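Here's the structure, in structure tokens; my notes come after.
Every value quoted in this text rests on a predicted model; they were computed, and no experiment measured them. Note that these values count all heavy atoms, side chains included, but never hydrogens, waters or copies made by symmetry.
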Amino acid sequence: MSGGLLVAGTTSDAGKSVVTAGICRWLVRRGVKVAPFKAQNMSLNSFVTRQGAEIGRAQAMQAQAARVEPTALMNPVLLKPGGDRSSQVVLMGKPVGEMSARGYHGGRQEALLGTVTDCLEQLRASHDAVICEGAGSPAEINLRRTDIVNMGIARAARFPVLVVGDIDRGGVFASFFGTTALLSAEDQALVAGYLVNKFRGDVSLLEPGLDMLHGLTGRRTYGVLPYAHGLGIDEEDGLRVSLRGAVRESVVAPPHGEDVLRVAVCAVPLMSNFTDVDALAAEPGVVVRFVDRADELADADLVIVPGTRGTVKALAWLRERGLADALVRRAAEGRPVLGICGGFQVLGERIEDEVESRAGVVDGLGVLPVRIRFDRDKTLARPIGSALGEPVEGYEIHHGVADVRGGEPFLDGCRVGAVWGTHWHGSLESDAFRRRFLVEVARAAGRRFVPAPDTSFGVLREEQLDRLGDLVEEHADTDALWRLIEGGAPSGLPFVPPGAPSLGAGAPESRGAAPDPAPQSPEGLDFAGSAASRGEGLEIAGSDASKGEGLEIAGSDASKGEGLDFAGSAGLGQEAEQHVDQEAL
């Protein structure tokens with residue numbers, strides 16, 4: 001059996017995904033056959049494997065870092081927020097329905113522990129090491145009983161745990177100590193130590209604090225990774241990073257021609273696969289920004305309407321904010337617009353949706369001769385084709401079925417004038433096609449922009465992954481990390497009081513001893529085309545989900561309201577009045 005490690009975090013967005021990828025790249029460069037793993041992921045950024053399974057995009061990126069083909073084994077449970085406080089549940093790469101948190105935590109999540117450990121064991125049987133990524137924080141004490149992605153999987157596999165903290169946020173020492181002190185004695189025995197992420201400045205100034213942390217917890221710090229700009233690595237839901245300005249904080253290179261090209265991406269609600277525009281941001285002279293106001297489209301040379309898990313909701317949002325009218329005007333004026341997946345759907349004439357929003361028939365923007373009908377079966381594919389005279393590869397993740405009734409063919413969609421629409425994600429990563437597309441955009445926009453002839457998105461991605469490997473190799477104690485992966489957590493790690501609070505009578509987690517969860521296969525959840533594929537035994541929407549029960553998935557951003565509605569946050573003040581004790585304030 002191979003060794004392994006769980007990379008946990010003090011918070012969401014602490015850097016677990018990139019640290020996991022960096023460790024995978026460091027190991028594979030040492031000749032270690034390594035695989036990534038995340039038992040349960042909550043994200044709107046997903047990918048389709050060659051076997052037609054949908055997994056988190058971060059795990060696909062980590063597989064690339066490990067130089068292995070991504071599979072459903074690497075992310076057996078994927079939760080995709082869809083509004084109305086419910087998520088679509090994707091099991092072993094296939095959707096089985098919508099579920100509320102109460103439905104998910106009412107024994108369903110625990111039942112999946114055997115399945116995710118089976119997946120992990122299959123990876124361990126075929127690899128020298130498996131690097132697991134946790135979710136959110138392992139110290140979400142209200143959710144520990146049903147946890148299958150943090151300490152639940154670590155304890156089932158007996159994996160050591162490395163806790164990552166983002167020092168750029170501040171309070172990293174308190175976060176490390178508090179995370180450890182809120183775990184049970186059994187969980188603490190697996191927490192080997194810490195890794196500081198995003199440090200700026202002189203490490204010697206940090207060392208006294210690291211020494212005191214060791215004295216308080218008996219655990220060492222395995223490395224201090226410096227802040228690295230412009231990594232551009234796929235995240236679970238990193239829109240907050242992107243909205244700071246240019247996509248992924250990328251440094252815009254000088255244009256190859258005389259002009260720059262400005263790209264505006266409409267920040268629609270429940271935006272999915274916004275990584276589609278990363279390849280554009282990698283082009284010298286292309287400036288990519290997310291926008292949410294109509295006036296921000298005025299100076300854009302290209303407007304992109306991206307994918308979304310809520311097509312009808314996104315359409316209403318575009319209309320409410322005046323963006324819909326601006327898009328229709330752009331189309332009439334012959335100014336470039338690109339719709340991808342859900343964005344393609346809203347540009348059409350009509351949407352018939354009895355699946356996602358259950359809104360029935362809704363008028364689209366009418367700038368493309370397309371009618372969309374939502375099917376209960378999701379299309380998951382890895383198409384290969386050509387467009388604009390160049391080869392293109394992509395991937396499809398959608399319930400909408402397009403009936404194209406005119407225009408010029410464009411991938412699986414169409415083009416009318418300077419408006420393009422397609423369901424294909426990832427098409428802009430095809431270098432020759434991307435350059436040809438940008439030439440068309442520049443011509444229609446009247447810009448003297450010339451794509452650089454040698455930009456390779458694949459090469460740039462490899463360079464970024466190598467940078468992650470370099471960060472680990474140069475700034476972490478890799479010999480000590482390898483001992484963890486190979487031999488497990490050090491013995492005799494001290495208990496840090498007070499430990500996990502009692503969860504009530506019969507709860508398995510407390511300050512005292514707790515039995516290890518048995519990795520048994522769950523009844524009624526045989527993923528090989530039986531109950532799970534039909535959504536049986538999973539408390540699918542129509543029960544708690546239809547009542548709008550609060551969505552709080554273990555280890556996710558949902559408990560903070562993140563990842564559920566990326567844009568259009570009007571009404572937050574009203575919600576505050578409802579949920580805040582104003583008299584106490």
Side-chain angles (χ1 to χ4, degrees), residues 2-38 41 45 56-68 70 74-75 123 127-135 159-169 172 192-200 203 220-236 238 241 248-250 275 278 458-486:
S2 72
L5 176 72
L6 174 71
V7 179
T10 55
T11 63
S12 295
D13 201 30
K16 297 182 294 291
S17 295
V18 294
V19 169
T20 299
I23 293 175
C24 285
R25 178 50 60 101
W26 158 64
L27 286 173
V28 77
R29 293 194 306 204
R30 288 185 50 162
V32 177
K33 188 177 181 183
V34 59
F37 178 78
K38 185 162 186 172
N41 199 346
N45 276 340
R57 176 109 185 173
Q59 278 60 67
M61 175 270 294
Q62 291 161 356
Q64 185 178 351
R67 295 176 181 153
V68 294
M74 298 172 183
N75 181 205
L123 289 175
H127 295 80
D128 301 325
V130 179
I131 307 302
C132 304
E133 179 189 345
F159 273 3
V161 178
L162 181 69
V163 181
V164 177
D166 179 358
I167 197 170
D168 198 47
R169 294 182 173 192
V172 73
Y194 314 109
L195 187 103
V196 177
N197 190 31
K198 298 184 182 178
F199 179 72
R200 308 172 192 249
V203 175
R220 59 167 297 180
T221 298
Y222 284 79
V224 178
L225 306 187
Y227 194 101
H229 292 276
L231 283 172
I233 294 296
D234 298 346
E235 301 166 84
E236 289 184 6
V241 175
R248 298 293 190 279
E249 300 179 335
S250 9
T275 49
D278 284 354
V459 169
L460 291 173
R461 174 51 55 89
E462 279 297 304
E463 290 175 354
Q464 291 164 337
L465 293 172
D466 275 334
R467 286 181 63 194
L468 290 180
D470 292 343
L471 286 174
V472 171
E473 190 164 350
E474 296 169 9
H475 300 281
D477 186 340
T478 52
D479 289 340
L481 278 180
W482 178 248
R483 287 195 295 272
L484 279 184
I485 293 168
E486 193 174 38

Looking only at heavy atoms, which two atoms of [X] and [Y] are closest? And how far apart?
X      : Y      : result
Pro160 : Leu484 : CG-O, 3.3 Å
Val472 : Thr478 : O-CG2, 3.6 Å
Lys198 : Ile167 : O-CG2, 3.3 Å
Phe159 : Cys132 : CE2-SG, 3.6 Å
Ser17  : Met61  : O-CE, 4.2 Å
Leu471 : Pro226 : CD2-CG, 3.8 Å

Exercise for review: Give a yes or no answer on whether the side chain of Asn75 reaches the backbone of Gln59 with a donor-acceptor pair at less than 3.5 Å.
Suggested key: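 No, because the side chain of Asn75 does not come within donor-acceptor range (under 3.5 Å) of the backbone of Gln59.
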
**Study point:** Short side-chain to backbone donor-acceptor contact, His127 and Leu123, under 3.5 Å
**Key:**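 Yes, His127 side chain to Leu123 backbone: donor-acceptor pair under 3.5 Å.
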
Tell me, do [X] and [Y] make a side-chain contact under 4.5 Å, heavy atoms counted?
X      : Y      : answer
Thr10  : Asp166 : no
Arg220 : Asp477 : yes
Trp482 : Arg30  : yes
Glu473 : Arg29  : yes
Val68  : Met74  : yes

Review point. Hey, are Asp128 and Lys33 close enough for a salt bridge, meaning a charged N less than 4.0 Å from a carboxylate O?
Key: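 The answer is no: the pair does not qualify as a salt bridge.
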
Practice item. Determine the sole option in Ile485, Leu6, Thr221, Leu481 for which the side chain to side chain contact (heavy atoms under 4.5 Å, CB included) test with Leu162 is passed. Key: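 Option passing the side chain to side chain contact (heavy atoms under 4.5 Å, CB included) with Leu162: Leu481.
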
Review point. Among all residues two or more places apart in sequence or in another chain, which pass the side chain to side chain donor-acceptor pair (under 3.5 Å) test with Thr11?
Key: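 So Thr11 forms a side chain to side chain donor-acceptor pair (under 3.5 Å) with Arg169.
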
Residues 18-26 side chain polar contacts: donor-acceptor under 3.5 Å, at least two apart:
from, atom 1, to, atom 2, distance (Å)
Thr20, OG1, Lys16, O, 2.8
Arg25, NE, Ala65, O, 2.8
Arg25, NH1, Glu462, OE1, 3.2
Arg25, NH1, Asp466, OD1, 2.9
Arg25, NH2, Gln64, O, 3.1
Arg25, NH2, Glu462, OE1, 3.2
Arg25, NH2, Glu462, OE2, 3.4

**Study point:** No-hydrogen, no-angle side-chain donor-acceptor test under 3.5 Å, Gln464 and Arg467
**Key:**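 Note: Gln464 and Arg467 side chains miss the donor-acceptor criterion.
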
Point to revise | Nearest-0.5 Å distance that lies between atom OH in Tyr227 and atom CZ in Phe199 | key: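 Going from OH on Tyr227 over to CZ on Phe199, the span is 14.0 Å.
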
